[in-house]
Number of protein chains: 2
Amino acid sequence: MLSTTEENYLKALLQLTMEDGLKPEAGTNELATHLGVKPATANDMLKKLREKKLIHYEKYGKSSLTTQGRKLAIDVVRKHRLWETFLYEKLGFSWDEVHEVAEQLEHIQSQKLIDSIDRLLHYPTYDPHGDVIPTASGEMKMPYRKTLLEEEVGHTCKMVGVKDNSATFLRYVDQLGLSMHNHIRILAHQPYDNILEIEVNGKKASVGQRFAENIIIVCDDCERKPAPKKRRKN
Amino acid sequence: MLSTTEENYLKALLQLTMEDGLKPEAGTNELATHLGVKPATANDMLKKLREKKLIHYEKYGKSSLTTQGRKLAIDVVRKHRLWETFLYEKLGFSWDEVHEVAEQLEHIQSQKLIDSIDRLLHYPTYDPHGDVIPTASGEMKMPYRKTLLEEEVGHTCKMVGVKDNSATFLRYVDQLGLSMHNHIRILAHQPYDNILEIEVNGKKASVGQRFAENIIIVCDDCERKPAPKKRRKN
DNA sequence: CTCATTTGTTAGATTAGCCTAACTTTTATA
DNA sequence: TATAAAAGTTAGGCTAATCTAACAAATGAG
């Protein structure tokens, strides 16, 4: 059985090693910063998790999850996102309130509990922030995530997720009148300072780089690859 | 903010000081046993809780909750029982499964969460074991709890609760075909070894003292005091 | 290629919650 | 009421998770 702290380190490592760049390892300082602890603290934990065969790590090297560790990390993420969905769908929480409480709930140890929540919600695929909920068997598809910043001028796109789950950011999104699955038109993009002019629900707004990087979209106008047909075994 | 451990000590103290005898204080060893720790450990915590003005305690004396401490303890109990009810009503847990998970859930810190659960359940008054759920304002009525052992031969009574929430005990109750609000007839009572013969749902069974002490009943045949009219202030 | 900066590690301390062993106070019984 | 048993306390130690300060290795810029 893992401690809450150990679970948090695994989750952090998963998140850092599957960020956009798809870089497969994370540094000690990076991990420490992400978790809000000092590097020395993270260092101790890395050694401990290596002992438990949950991560690959060697002195002065980067860290990554073992198969075992990845499985456990995905399970924590699954619980987190199911709880977020529960709070949002069943209890009327707003999307900027769910993260904090889910940080606590994700550590409750009861397989039956999380399976029941999953059933109650009819096996949801996405959480309120548009993130994929891993399946009970530990599969977690990593969809390509294009951000608003990358969209071309003149195109319209649909918001399907956010990268930043902080209440501050999410409330700013709300404030702009933007919400999940809204369509956004890119009116202009000043390359010099990366300011975008966008139109949402008929209203214009200007947003900065940091904002645009944290909005995940699918392009309305782009070529769409046909969904690959599921091939049956033999 | 209290730690999970501190909350558990307060809850234990509340439970011990409102048991049947209504004795208003609990000893250090008693508390330690209840929590599964050594007396030395409990002693440290008692000093800490006194510092925080949550309990009355002095060297070599018994302990009891202050008004502040009682308020916090009742809040933990409220959360515990609401979660049990949630698990039972909404997720299909059996009554012997809810306690263990609720022990974890009761420590989640979010007023909004517990209020929402309360609303979702339509403000329940009793948990699946027949225990009173304290109100949001911290009121907790302590109903008179007569046990099966105290019932007279020939009378029938209704099971309205249990004292022991352990899975072992609850599964034994299930096994006898007995469940909440079932009627029980006392066929015989051997005073020598406190064995009761009872009839439940047309079936006879013999149960021992320990069992009978842990079933809470209301007498079908006894005089019932009329419910006292709520007197309005003025 | 060198050396300053960044990154990572080690050593030693702290706090919370737990323990054992030895001691002290209270209580209850002979 | 004396004293043994029960109840409670203290001292000292352990582990997990954190910190600071000092040190070591890797990196990258000139």
Side-chain angles (χ1 to χ4, degrees), chain A residues 1-13 16-17 19 21 23-65 69 72-73 76 103-104 106-107 109, chain B residues 1-13 15-17 19 21 23-65 69 72-73 76 103-104 106-109:
Chain A
M1 185 102 325
L2 296 178
S3 70
T4 292
T5 309
E6 289 168 327
E7 288 193 341
N8 283 335
Y9 278 84
L10 293 182
K11 187 177 58 149
L13 204 43
L16 290 174
T17 57
E19 287 206 328
K23 74 191 150 99
E25 305 177 306
T28 305
N29 287 8
E30 191 185 0
L31 190 60
T33 305
H34 189 86
L35 287 163
V37 300
K38 299 294 167 188
T41 308
N43 187 259
D44 284 348
M45 184 57 87
L46 289 176
K47 286 190 269 184
K48 187 174 166 194
L49 292 173
R50 178 184 48 192
E51 276 315 297
K52 296 193 173 188
K53 305 221 198 281
L54 300 176
I55 65 169
H56 300 295
Y57 160 74
E58 50 194 276
K59 220 171 156 175
Y60 295 110
K62 309 272 182 197
S63 308
S64 62
L65 293 163
L72 293 169
V76 177
E103 285 287 301
Q104 299 177 62
E106 72 189 5
H107 301 293
Q109 301 292 331
Chain B
M1 186 102 326
L2 296 178
S3 70
T4 292
T5 309
E6 289 169 326
E7 287 192 342
N8 283 334
Y9 276 84
L10 292 182
K11 186 177 60 151
L13 203 43
Q15 275 158 7
L16 290 174
T17 57
E19 287 204 328
K23 74 190 151 98
E25 304 176 308
T28 305
N29 287 7
E30 192 185 359
L31 190 60
T33 305
H34 189 86
L35 287 162
V37 298
K38 298 296 167 187
T41 306
N43 187 259
D44 284 349
M45 185 57 87
L46 290 176
K47 287 191 270 185
K48 187 175 168 195
L49 292 173
R50 177 184 49 191
E51 277 314 297
K52 297 193 173 187
K53 304 219 197 281
L54 299 176
I55 65 170
H56 300 295
Y57 160 75
E58 51 194 276
K59 221 172 156 174
Y60 296 111
K62 308 273 181 196
S63 308
S64 61
L65 294 162
L72 293 169
V76 176
E103 286 287 301
Q104 298 178 63
E106 73 190 6
H107 301 294
I108 302 290
Q109 300 291 330

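Below, chain A is the first sequence line, B the second, and so on; all start at residue 1.
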* Asked: Which heavy-atom pair separates Leu65(A) from Ala73(A) by the least distance, and what is that distance?
  -> CD1-CB, 4.1 Å
* Asked: Would you say Lys47(A) reaches dT9(C)'s phosphate, i.e. side-chain N/O to OP1/OP2 under 4.0 Å?
  -> no
* Structure fact -> Whole-Å distance, Glu30(B) CD to dT9(D) P, equals 13 Å
* Asked: Out of dT10(D), dT25(C), dT9(C), which has the shortest distance to the side chain of Tyr60(B)?
  -> dT25(C)
* Asked: Within this structure, what is the CD1-to-P distance between Ile55(B) and dG8(D), rounded to whole angstrom?
  -> 13 Å
* For Glu6(B) against Met1(B), the heavy-atom pair lying closest together -> OE1-O, 4.3 Å
* Between dA7(D) atom C1' and Glu25(B) atom CD, what is the distance in whole Å? -> 14 Å
* Asked: Below 4.0 angstrom, N of the basic side chain to O of the carboxylate: do Lys62(A) and Glu30(A) qualify?
  -> no
* To do: Could you pull out the closest heavy-atom pair between Pro24(A) and Ser64(A), with the gap in Å?
  => O-CB, 3.3 Å
Filtered N/O pairs between nucleotides 15-17 of chain C and protein, under 3.5 Å:
{"unit_1": "dG17(C)", "atom_1": "OP1", "unit_2": "Ser3(B)", "atom_2": "OG", "d": "2.6"}
{"unit_1": "dG17(C)", "atom_1": "OP2", "unit_2": "Lys48(B)", "atom_2": "NZ", "d": "2.0"}

* Does NZ in Lys52(A) sit with more than 12 non-hydrogen atoms of other residues, nucleotides or ligands closer than 6.0 Å? -> yes
* To do: Would you kindly give the NZ-to-P distance between Lys38(B) and dC14(D), to the nearest whole Å?
  => 18 Å
* Asked: Quick one: Glu58(B) CD to dT9(D) P, roughly how many Å, whole number?
  -> 10 Å
* Provide, to the nearest angstrom, the distance between the OH atom belonging to Tyr57(B) and the P atom belonging to dA7(D). => 16 Å
* Find the distance Asn8(B):CG to dC18(C):C1' and express it as a whole number of Å. => 14 Å
* **Phosphate OP1/OP2 of dT10(C): any Lys59(A) side-chain N/O under 4.0 Å** => yes
* **Distance test, side-chain N/O of Asn29(A) to OP1/OP2 of dG8(C), below 4.0 Å** => yes
* Structure fact -> Side-chain contact check for Ala40(A): nearest option of dG8(C), dC19(C), dT20(D) is dT20(D)
* Atom NZ of Lys62(A) and atom P of dA25(D): how far apart are they, to the nearest Å? -> 17 Å
